[in-house]
Amino acid sequence: MDARFLGIAELVDTPSVAVVVDVMRAYTVAAWAFARGAEKIVLAGSLDEALALKARHPHWVALKDGPPAPGFDAVNSPGLLRSVDLGGRTVVQKTTAGTVGALAVKEASLVLCAGFVVAEATARLLRTRECAGVTFVVTGEDGHADEDLACAQYIARRATGTGTDAAEFLRRAGGSRAATELREGVRQGVHPDDVALCLELDRFPFAMVATPEDGLMVLRPCTVPPL
């Protein structure tokens, strides 16, 4: 498998297969939302779009980065979301980098969204589809977020069937700037367990596939049988 690792700004063409990685915290949160029963997640392009969708669908759950804000029901924190009952609900998610990355590759034939919590399922789906070339979108810090790059590199190795020890990749993620800022309270809308939850390898058995639906980019879980 030919793997490329690019930041959002480096996406000059539409990849055939894209894996959008946001470990801290967009796609850890998305995985938790599905684990808590969410049916689908609509990836919004802006805060205004998220609020407009919420206004049209008052029963949807609107979620954003940072502190709580009027019109939003939740913040982008796995620690805070893990106790919320989302059974059968639709979540609207807008984050600083993760949702932006997915929308940037929305024309790709296959778009997966990932973090460490769904790493093996994501790699297994890539192996099942026999993807020859995959673009990993490193969303954080203009493509330089080490937690996202480490996760992308780990998934890429697992997708080739390589027996890879995750410890070093998780160590890099745990020492990243994002992890430090979350631990030290630099970012708002944070639970003390967020970093640990973002570093739980293969917590969930599903991959997450984003597809266009009625003009929206919609994320859904996809269970991949073991090979």
Side-chain angles (χ1 to χ4, degrees), residues 6-12 14-15 18-34 36-82 84-108 111-115 137-145 148 177-178 181-182 185-191 194 198 208-221:
L6 301 177
I8 297 170
E10 297 173 298
L11 294 165
V12 295
T14 300
V19 179
V20 185
V21 181
D22 190 326
V23 173
M24 297 184 187
R25 293 165 285 170
Y27 295 129
T28 301
V29 166
W32 269 100
F34 291 129
R36 298 300 301 160
E39 177 185 352
K40 63 183 179 181
I41 298 174
V42 176
L43 305 176
S46 67
L47 294 175
D48 287 343
E49 181 186 359
L51 289 173
L53 288 166
K54 172 70 176 179
R56 290 202 298 272
H57 307 278
H59 57 291
W60 286 10
V61 178
L63 180 155
K64 64 176 280 294
D65 270 338
F72 287 89
D73 306 289
V75 295
N76 192 48
S77 161
L80 295 172
L81 196 70
R82 64 182 167 176
V84 178
D85 181 6
L86 295 173
R89 306 286 293 277
T90 294
V91 173
V92 180
Q93 186 181 33
K94 169 65 180 87
T95 70
T96 305
T99 57
V100 176
L103 291 169
V105 293
K106 63 183 180 180
E107 303 297 331
V111 179
L112 306 180
C113 297
V137 183
V138 179
T139 60
E141 299 179 35
D142 296 322
H144 299 289
D148 294 338
R177 176 181 173 182
E181 290 182 351
L182 289 171
V186 174
R187 304 186 185 191
Q188 295 181 289
V190 178
H191 186 280
D194 277 357
C198 290
M208 298 186 293
V209 181
T211 55
E213 296 183 22
D214 299 322
L216 300 171
M217 197 65 169
V218 177
L219 190 64
R220 295 181 185 272

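What's counted below: heavy atoms across the whole structure, side chains too, no hydrogens, waters or symmetry copies. These numbers were taken from a predicted model, which means no experiment stands behind them. Starting from 1, each residue takes its place in the sequence as its number.
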- Rounded to the nearest 0.5 Å, how far does OG1 of Thr139 lie from CG of Leu6? 12.5 Å

- Taking atom CG of Leu53 and atom OG1 of Thr90, what is their separation to the nearest 0.5 Å? 10.5 Å

- Under the side-chain hydrogen bond (donor to acceptor under 3.5 Å, both in side chains) rule, collect the residues that match up with Lys40, sequence neighbours excluded. none

- Atom of Tyr27, atom of Gly115 and distance for their closest heavy-atom approach: CB-N, 4.4 Å

- For Glu181, check side-chain hydrogen bond (donor to acceptor under 3.5 Å, both in side chains) against everything at least two apart and list the hits. Arg177, Arg187

Exercise answer: donor-acceptor pairs, residues 91-100 side-chain atoms, under 3.5 Å, sequence neighbours excluded:
residue, atom, partner, partner atom, Å
Gln93, NE2, Ala26, O, 3.0
Gln93, NE2, Asn76, OD1, 3.3
Thr95, OG1, Gly98, N, 3.2
Thr95, OG1, Thr99, N, 3.2
Thr96, OG1, Asp65, OD2, 2.7
Thr99, OG1, Thr95, N, 3.1
Thr99, OG1, Thr95, O, 3.1

- Hey, could you give me each pair passing salt bridge (Lys or Arg N to Asp or Glu O under 4.0 Å) that has a residue in residues 21-33? Not counting sequence neighbours. Arg25-Asp194

- Cys113 and Ala102: which non-hydrogen atoms are nearest, and at how many Å? SG-CB, 4.1 Å

- Message: Test of understanding: with ring-ring contact (aromatic ring centres under 6.0 Å, His included), list the residues that count as partners of His57, not counting sequence neighbours.
- Response: Trp60

- Smallest heavy-atom separation, Lys106 atom then Pro212 atom, equals O-CG, 4.1 Å

- Note on the structure: salt bridge (charged side-chain N to carboxylate O under 4.0 Å, His left out) filter on Arg36, not counting sequence neighbours, yields none

- Minimal non-hydrogen separation, Val137 against Gly101, with atom names: CG1-CA, 4.4 Å

- Note on the structure: So NZ of Lys54 and CD of Glu49: to nearest 0.5 Å the spacing works out to 15.0 Å

- Note on the structure: Rounded to the nearest 0.5 Å, the CD atom of Glu10 sits from the CG atom of Asp142 at a distance of 9.0 Å

